[in-house]
Every structure is written in C-alpha cells, then in structure tokens.
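I have placed the structure first, in the form of structure tokens, so that the comments after it can refer back to it.
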Amino acid sequence: MRLRTRLTGLQHPEASHDTGQAPFFEGWYVKSVSQDQRHRLALIPGIFRSDTGVTEAFVQVLDGATGNSWFVSFPAEQYASSNDRFAVSVGPNRFDATGYSVSLPANDSIGFPGLSGTVDYSTPMDSWPTSVRSPGAMGWYAYVPRMECYHGVVSFGHLLDGSLTFGDKPLGFTDGKGYIEKDWGQAFPRGYVWMHSNSFSNPNTSLMGSLAVIPWLRGEFPGLLLGLRTEHGLARFATYTGAKVQHLHISDHEVELVVQDRGKHRLELIAERTQGALLHAPIRTEMHKRVEETLDARILLRLTDNAGTVLLEDIGQVGGLEVHGDVERLHAT
C-alpha cells in the first residue's frame, strides 16, 4: 500500500502522499486575493504525525491584511485526503480543484473571530507540468525516497468566485486570484527563503521561488527551486536544471536573489520584507515551531537573456515571503 501510494503520488504531486509513516506532515497553501487586493487570506489544511505518536489535523488561517494568524486543531480522525487528486477535508472544511468551503467557528481562547463561506474557482487550476522524467516542481528529486521536505505547485493562478465571512466582516473574492502550493515530508528545512506572487501588472505572470538547506547523505546543500510562469510558458530555475545562484543578500528590509540558468537566462529578484504573521511549521517532534510569513511583500522581477536584453520586468504585489532559520548556510552556493 505504501509503495502504491508513493508511485501514484509521483505523478500527482497535488494529491496526498501520506503512507502512515512517522514523522510526517502534509499541508496545502491555499491563497486567495480579492480583485482590489484589500482582502488576502492563506488557508493551510493539513495533517501532522510526530515520531512520538502525536497526530493532529489542522487548518491554519493567515490574514494578510492585518498580519494575524491562527492555528485551528482537529482530531486526526476528522481528516481525509485523496492520493490521486487534490481533495482534502478537515472537519467540515473542504478543499479541492473546484474551490473550497470553510466553517471555522470563533475561538476566544486563541482570539480567532471565525471564518465561513465558499469560494469557487471560475477558471481551471494551472499546475506545474508533470512527466515521467520530471514529475512536477521537484524534478527528478521527486524519486529520492525519504527526503526531508518535498514541494509541489498545484496552481500558479486561477480566478475566484465567492465570498467569506470573517468574524462579522464580509470578504468578497469574485474576480480575485488564487494560488495553491503544498509541502510534505518529515520536517521543514532548517533554513530557507521562500517567495511568491501572481499579482503582477501582466495577469499571466506568476512566480514561485525557494532556496533551502537540503540534507543529503551525510552532508547538505543549498537547493534552488524557482518557477516563473508567463504567457510564453514555464521557465524553470532549479538545482536539477543546472541553474546557479549568482547573488544572494538578505537584510532586515529585503531579499536580493540573482539566478542564472545554463547560459540562457538571468533572473533578478528583489523582495521587500514587511512584518508578517507567525505560522506553525513542522519539525519531527511537533507542529508548533513558529515561522514568520507576510502576504504583503513587493517582488521586483527582471528577466534578461544571454545578451542582456530585458525579456520581462514587472513588480509583484501582495506577495508571500518567508525568511527562516539558518539562512547563512544558503550562501554556500
């Protein structure tokens, strides 16, 4: 059963990869931004199983407008997911390829005002392509068993239709934009930078990028994974494609990242750091390590070719940004 689940999951990174082993975590990052960008929420349904026998399901809520976040825990038996498609439910909360519905009551003990409603997807999801040779965002690394953390892009972008009620406040998302990615494995990397935006002046542009410390055999290496989706297709900058980090600078105010593929394209990124909320992230023994994330970053993007010709220059708004842990190890590139 575990082998069958893993083989199916290789071609379905958007689906569940839970084989019942521990430690294990899996979470889907479901982001919604209203058309005027005033409302921006990230909902993260998932499951966590520690190596000490603790198992819990959860839905995390990140309010990008205020910088507040909440972790709503559920008994593990109230969690269900599919291993061949994106379909996950936690209690009465449902997330799949058609949209999501939530019913999270107010909880005074954690200061949560409550969230309910339904948001449908009015256009199809735009996932990272999969093939036998390169099954999704992880490339051939997806075939490596027992990696610390795997990553998938479920949708670079799709349009929304619907609304939520947050406390007593209505949030309209019709004609807004969504984004979905996911992580699964044993634990988050001990140091990483992650960024995302699909709110560029060109609505066809979407960026997801990460640089993380990856354990490998008895050592480690800084792993690069970056996808730039445009109307011309998907440009991949990743360790497995031979792309290299030419420059990385992290300050209290911004992250500068310059990557070069095999002599064809150069991508320059500047992500402005703003104060964010503290999310719960998995380590092997618990799900409550705190990681700061914002949904209010601006990401300046510049793509040039081998001759220095500018192919794309734009600014992504209301972007997601995380800088966490031992980021000094990332400079080993």
Side-chain angles (χ1 to χ4, degrees), residues 5 8-9 12-20 24-34 39-49 55-64 69-107 110 112-128 152-167 169-184 198 279-280 282 287 295 320:
T5 299
T8 301
H12 294 280
E14 77 283 0
S16 172
H17 295 73
D18 189 0
T19 61
F24 178 81
F25 79 94
E26 189 161 36
W28 289 259
Y29 177 91
V30 181
K31 179 183 175 184
S32 301
V33 177
S34 64
H39 310 312
R40 43 197 186 274
L41 285 180
L43 305 177
I44 308 173
I47 188 75
F48 171 76
R49 186 180 302 108
T55 302
E56 65 178 328
F58 58 86
V59 177
Q60 294 199 66
V61 179
L62 169 59
D63 180 3
S69 68
W70 300 268
F71 183 93
V72 184
S73 182
F74 289 81
E77 57 268 21
Q78 294 186 24
Y79 171 87
S81 59
S82 169
N83 66 2
D84 62 3
R85 59 192 173 92
F86 170 41
V88 57
S89 61
V90 183
N93 307 282
R94 182 267 305 171
F95 304 82
D96 61 31
T98 67
Y100 63 87
S101 62
V102 290
S103 179
L104 296 167
N107 186 331
I110 60 173
F112 180 55
L115 180 68
S116 63
T118 298
V119 174
D120 295 320
Y121 302 153
S122 56
T123 58
M125 298 191 305
D126 178 20
S127 62
W128 191 298
V153 176
V154 181
S155 180
F156 279 105
H158 48 271
L159 295 181
L160 308 175
D161 182 21
S163 62
L164 303 175
T165 300
F166 196 20
K169 180 180 178 182
L171 307 181
F173 286 102
T174 297
D175 296 325
K177 182 170 283 189
Y179 170 82
I180 307 173
E181 65 174 52
K182 62 169 300 193
D183 294 284
W184 71 97
N198 60 3
L279 296 178
H280 294 237
M287 182 64 199
L295 284 181

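In what follows, every heavy atom counts, from backbone to side chain, and hydrogens, waters and symmetry copies are set aside.
- When all heavy atoms are compared, the tightest approach of Leu41 to Leu171 is CD1-CD1, 3.8 Å.
- Ion pair Glu26/Lys182 flagged as a salt bridge, since at least one NZ, NE, NH1 or NH2 atom sits closer than 4.0 Å to an Asp/Glu carboxylate oxygen.
- Taking the six-membered ring for Trp and the full ring otherwise, Phe71 and Phe58 have centroids separated by under 6.0 Å.
- For the residue pair Pro113 and Ala106, the shortest heavy atom distance occurs at O-CB, 3.5 Å.
- Contact detail for Leu295 and Lys31: the closest heavy-atom pair is CD2-CE, 4.0 Å.
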task = For the pair Tyr179 and Val153, evaluate side-chain contact (heavy atoms from CB on, under 4.5 Å) and give the outcome as yes or no after the intermediate values.
result = CA-CA 9 Å; Tyr179 170 82; Val153 176; 4.3 Å; yes
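- One finds the OG atom of Ser127 at 10.5 Å from the CD1 atom of Ile180 (value rounded to the nearest 0.5 Å).
- Residues Val72 and Asn107 form no side-chain contact, since every pair of their non-hydrogen atoms from C-beta on lies 4.5 Å or further apart.
- In terms of heavy-atom proximity, Ser82 sits nearest to Ala15 at O-CB, 3.5 Å.
- Classification of the His17-Trp184 ring pair by plane angle, with boundaries at 30° and 60°, yields parallel.
- For Ser69 (side chain) and Val61 (main-chain N/O), no donor-acceptor pair under 3.5 Å exists by modelled atom type.
- In this structure, CD on Glu181 lies 9.5 Å from CZ on Phe156, to the nearest 0.5 angstrom.
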Could you go through residues 85-102 and list every donor-acceptor pair under 3.5 Å that involves a side-chain atom there, pairing it with any protein atom two or more places apart or in another chain?
unit_1 : atom_1 : unit_2 : atom_2 : d
Asn93  : OD1    : Ser103 : N      : 2.7
Asn93  : ND2    : Val90  : O      : 2.9
Arg94  : NH1    : Asp96  : OD1    : 3.2
Arg94  : NH1    : Gly99  : O      : 3.0
Asp96  : OD1    : Thr98  : N      : 2.8
Asp96  : OD1    : Thr98  : OG1    : 2.6
Asp96  : OD1    : Gly99  : N      : 3.4
Tyr100 : OH     : Ser32  : OG     : 2.8

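- In this structure, Phe24 CZ and Ile47 CD1 are separated by 8.5 Å, a value rounded to the nearest 0.5 Å.
- In this structure, the side chain of Gln60 engages the main chain of His280 through a donor-acceptor pair within 3.5 Å.
- No donor-acceptor contact under 3.5 angstrom links the side chains of Asp126 and Ser155, judged on distance only.
- Rounding to the nearest 0.5 angstrom, the gap separating the CG atom in Leu43 from the CG atom in Leu62 is 9.0 Å.
- In this structure, His158 contributes its side chain and Met125 its backbone to no donor-acceptor pair below 3.5 Å.
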request  = Just do the side-chain contact (heavy atoms from CB on, under 4.5 Å) check on Asp63 and Trp70 with the steps written out, would you?
outcome  = CA-CA 9 Å; Asp63 180 3; Trp70 300 268; 4.1 Å; yes
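- Listed by chain and number, the residues in a ring-ring contact (aromatic ring centres under 6.0 Å, His included) with Phe48 amount to none (sequence neighbours excluded).
- Atom CG of residue Leu160 and atom OG1 of residue Thr174 lie 8.0 Å apart, to the nearest 0.5 angstrom.
- Across every non-hydrogen atom of Val33 and Phe173, the tightest pair is C-CD2, 3.8 Å.
- Within the 4.5 Å cutoff, side-chain heavy atoms of Asp120 are placed close to those of Thr118.
- Here the shortest heavy-atom pairing between Phe166 and Gly114 reads CD1-O, 3.3 Å.
- Considering only heavy atoms from C-beta on, Ile44 stays 4.5 Å or farther from Val59 through its side chain.
- Side-chain contact check for Tyr79 versus Thr55: every heavy-atom pair is 4.5 Å or farther apart.
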